[in-house]
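We name chains A, B, ... by the order of the sequence lines, and we start the count at 1 in each one.
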Amino acid sequence: MKKNYHCGSSEHVLARRSFLQSSCVAGGSLLLGGGLSQLATAGELAGGHRQLLVIFLDGGLSQLESWDPKPGTQEGGPFRAIPTSVPGTHISELLPYTAQQMHHLAVIRSLRTTEKDHTPAKYLLETGRNQKEGSDFPYLGAAAASFLEPTESDLPPYVVIQTSNYHLGHGGFLGSRYAGVNLVRGQPPRNLTPPEGIAAEEMQRRTQLRDMLDQRLVRNRRTADTEAYASSYQMAERMSRKKDVFDLSKEPEKDHERYGTHDFGKHCLLARRLLEAGLPCIQVRHRAYDSHFENFNIHMETLGEFDRTFATLMDDLHERGLLENTLVAVMSEMGRTPKINNQMGRDHWTKAWSMVLGGCGIQSEAIYGKTDDRGMDIVEGKVNQGDVFHTIYSALGVDSTESFQIGGKDVPIAEPVHGPIEDLLA
Amino acid sequence: MRLPLTRREGIGLRELLAVRLAVRSMFHRILSIALFWYLTVQAVGIASAAKSVTSGGEAAALHNKIDRIVDSARLGPAAEICSDEEFLRRIYLDLAGKIPTREEARQFLQDSSPDKRAQLIDRLLEDPHFDRNFMRVLDVMLMERRIEKVVSPGKFRAFLRTAIEERQPLNELVREILIADGAKEEERAAARFLLDRSAEPHILTRDVGRLFLGVDMQCAQCHDHPSIDDYLQSDYYGIFAFLNRTYLFGSEKGSVVAERAEGEVEFVSVFVGGDPQSMMPHLPGDKEMGEPKMAQSDRYIVAPAEGIRPIPKFSRRSLLANELTSGKYHAFQKNLANRLWAHMFGRGIVHPLDFHHSANPPTNPDLLSLLAEELANLDFDLRAFLREIALSQTYQRSSVLPEELLSYAQSLGGDRQKNTQLLKTEEESRKAINGRIDKNRRALADRKDQHQSVATQIQDLNQQLQQLTTSISNSENQLHTYREGWPALASAEKKLRELRAESEELYHLDPDDKKLKQLFQSTANQYDLILAERDASKAEIDQIEAKLAPQKEEQASFVEKISALNGQLSKLQSQRRQLQAVESELSLQRQSQRNRIVALQEKMDDLDCLDRWAKTLREQPDDATAQQEAQRVVADRWRNRFQCGHVLPLTAEQLTWSISEALGIVAEREQTLRKQMAENAKAAEEEKQAEANAELKETQFVKSLHNQIEGSSLYDFIVNVHDFRGQPDGTYQATAKEALFMSHSKKLQDWIAQAAKQWVQESADEINADQIAEKLYLTILSRQPDAEEAAVVRGYLVARAEDPHAALQDLIWALLSCTEFRFQS
């Protein structure tokens, strides 16, 4: 007997027949092609060419020193709350420049998650899912890129800008096609240009020769994979031609100064450059928020770097009209304990913390949810990463109740038991 | 069941009748139809039936059986047998994991012996590259590119390589990795399977299901799978119960696998709730297994204690390893056969490989059953099994669609109707079977009710009987007591009577003596008392005896009744057993019928796609893209029917090796290594050391060569082709990253430059364009260039005559990066 109950996940459904039929209609790619392009069409219909910028504050930003200050309480720490460009909204005095951009942003102050260790918590906030052995979810950027990538593009669909060589931006079950191309310390992707000694015209000659010889197999054995392979060379060629897009030195000196000469400054400037060039999904990482010791000094320092650069970026995105089509998310893997430990630090905290969204599809100036006077618990509007992911997808025009089709199995785009936070959607 | 035969076209009718003939019932019906038709058709039918009987002898080789089964499920034409060039590259990539060298290619293509394909298969199965290739294949299959947690992947691969070299049967290999706990140094490598999964029972349960049974029961951990009937929570916990006592002992790289002797499994469905169900170990579909009962003090070889790894006398995990791999559990060999088939064809008969269930049945269930059975018959011998697959025509089909397919697509009418009719018949028979199953279930329920009621009656009667028996036995006890007391009472009465008579006599002698009077009176009183007591006892005895008689009668009747009811009960039980047997027979029928229906539906889908293709050609004669698209869909489906060869991207390993081979890196390394070895040998000789075993040396040489090639470049390719380690294979996606790597990687360009340089040197005084063209194609694509291609090469060399080195680099790069090289067809 078929069970009538449903665990709220359509992960189980293998609609083999309808899947084969649809692939029969959509063009025979039994993997992703068909399903994704159909979903992507939905996304495109909803709002033109949308982009995603995630700024990930690695280690766990303290909500009390940023979006949800509790000055004057035992847990509040030494910093004051300051008014912002949105009347009635206060944030920490560590973010004076960002305070002037709050009219572009919405704050969630009632986030509750479950993972307290960095690795599983990062997985949770990067993919929207709990890390389970065997499951292989893509990063938000990779998943979103599968919907947002334009049909024709000279650029990779997803990049991760960071300082470490440790590869990030996992494509998970979506594979390498959507995995983040890592740009380390603002450098262009690997192998972008021919090695020394091979001139550009040499490459062109080779390509022509290749096209001439590359006929036989393609002639009568064409498959979705062979087509994709052929086009990957075109893509590589275009990327190579567009190498300037990744070249930060092309940005005016003045902007380098405005953004700051530190890595985060460069990274945000590169993000602006790539957004302008139309690259669909970008993640910029900022490090060292894990403040078990000297929380206040650490936040003063890191947010000092973050604040001005981020505010400059928001201002530019707005000025240049990019914010209309770009969703910006500032997130961490967790918050920090209200209780100050005996080394003036704050520890890992998942019970009541904050994050910020802004840009396209987001109700700017909104403050969602509330914590109690001391920030110890959520009083109103409890949400988790599942709700956040649904919200982000919805703001990007993606129907997050749909599923990916992976190797014949349906995998919901976002956790089916959650849904978008309607109050945050514009 | 009636068929409108007269309206059918010849070919459809003929095939239809062939099917019907098997059912026999058609004979009589046919008799009533046109005599001429009947005679011709029957002759054809019988002839083909007879043929299939004679060729279906027991002795037929597996590869013939494979072909016959694939052929009997065939829809329309199959692709032709592939050319030597296609076969050469395919078999090298599948068995050796790389393309052939130029010399190997030339030799094979020039060879004119009729059995050269079989010879090549046998040679490749014995080649050291086979060992290396399958070391990688099995590693990816078992470890799915997991990163190192406890045991190094290299160590595990070396273990696999030895197993392959020593021809360890695959079931034993699996058994070994499930048992190995890594406590002994020599078992550490094998223990990577468990250790690098942290020996975590849930992870292991899922992977045992996926990798060894072809079922992904992850969802069944918390409840029965909501949409897949056969993934039951009880089955998940059946496997889990083999593993629940296993755990990781120690820390970091020093960890070992440990097992306790205690720990039971209980589970609750998150949907249904209720009391926890306890579960003993069992494989899906099998009975729960027992385990030896042992006193607590007696359960361990090494008892658990602080910092001590316990070793139980009875290991549930070993039980799993043994049960799974015994060859008696069909699902195990099915999965293994399917995975090996998928290696050779790029697609499983069940696909995805870990998603075997009734709604996703094998595309050809008979084929899979055959392969599973034969794999076990071949004692799980990897080489013998692959050899049969490689020898089959099915494996050797071209990846180009058969030419006749289009004309077939344009005249589907007959097959369509036939298929529709078959589907209808199957649907009807499904209803019939379901009806029978329902009826059977009702009968079973009825017997169960009866059984229940009889059992209740027996219980009641037994209760009454017991009460009665107790009461009888009480009475009998009483009786016994009374009867025992009787002689004493009787003799007391007698004695008192005599005493009374004596005292009366004395009293009469002197009636005035008060003492005598008193004595007489008291004796008389006592006598009266004892008399009364005696009489009362007598009365009791009579009464009890009177009561006992009917009670005993009643008891006898109860016993009789109960025995009658017990007779009834065992009759009902045997009826139930019969009905249960019928039920399991019927469910088997239903299962195979479901498979037939799914297969027919697939066929319908295939026919639809063919139809769409024909229609596109008819209605959009100018739209080349639409036509190509429609044809591609058909091709994909034909390949998945195994009627046409697959076109597959090379794996990272195949690509590494093929590029290294094509660019002469392998040859160069080999040369250097040989030279080194010769020098070492010379040095050893000079030092008068004992001569090492030549064969051993050769093995070591091959291994170091392989390690050198893989060590220097494999990682780059894996990162660029598969992007991340740890990503399950099977989902190839072309990326700009890979194309950038192929186009601009310094290392690759250096290799190409080096190869080109050597070629220029080799061609001595003069560059002969035709020779170069042949060399290029044989080296890189393992075939001769056709005239057109040779002309392009010639033209290019002429155009760049001023710099032949640069021209060669361009040509080498162009062929390395072309689709034909990147894919296997």
- line: The interface call for Glu227(A) against chain B, heavy-atom contacts under 4.5 Å, is side chain

query: Is it the side chain or the backbone of Phe741(B) that comes within 4.5 Å of chain A heavy atoms, both, or neither?
result: both

Spatial distance of atom CD (Glu149(A)) from atom SG (Cys281(A)) [nearest 0.5 Å]: 9.5 Å

- line: CG of Asp214(A) to OH of Tyr229(A), rounded to nearest 0.5 Å, is 7.5 Å

- prompt: Is it the backbone or the side chain of Thr193(A) that comes under 4.5 Å from a heavy atom of chain B, or both, or neither?
  reply: backbone

field: Residue selection (most heavy-atom pairs with chain A, distance under 4.5 Å) from Glu200(B), Lys746(B), Gln749(B), Met742(B)
entry: Gln749(B)

- prompt: Would Arg221(A) count as a cation-pi partner of Phe823(B), with NZ or CZ less than 6.0 Å from the six-membered ring centre and within 45° of the ring normal?
  reply: no

- line: Whatever's closer than 4.5 Å to a heavy atom in chain B on Pro189(A) counts as neither

message: Does either side chain, that of Gln809(B) or that of Glu202(A), offer a donor lying less than 3.5 Å from an acceptor on the other one?
response: no

Over 12 non-hydrogen atoms of neighbours within 6.0 angstrom of NZ in Lys747(B): yes

message: Quick check on Leu192(A) against chain B: is it the side chain, the backbone, both or neither that has a heavy atom closer than 4.5 Å?
response: both

query: So, the side chain of Thr127(A) versus the backbone of Tyr123(A): is there a donor-acceptor pair under 3.5 Å, distance only?
result: yes

message: So that I know where these two stand, are Phe147(A) and Tyr178(A) an aromatic pair - ring centroids less than 6.0 Å apart?
response: no

task: Identify which of Arg205(A), Met203(A), Glu196(A) forms the greatest number of heavy-atom pairs closer than 4.5 Å to chain B.
output: Arg205(A)

- request: Among Asp211(A), Asn191(A), Leu213(A), single out the residue with the greatest number of heavy-atom pairs under 4.5 Å to chain B.
  value: Asn191(A)

Toward chain A, the part of Leu781(B) with a non-hydrogen atom under 4.5 Å: neither

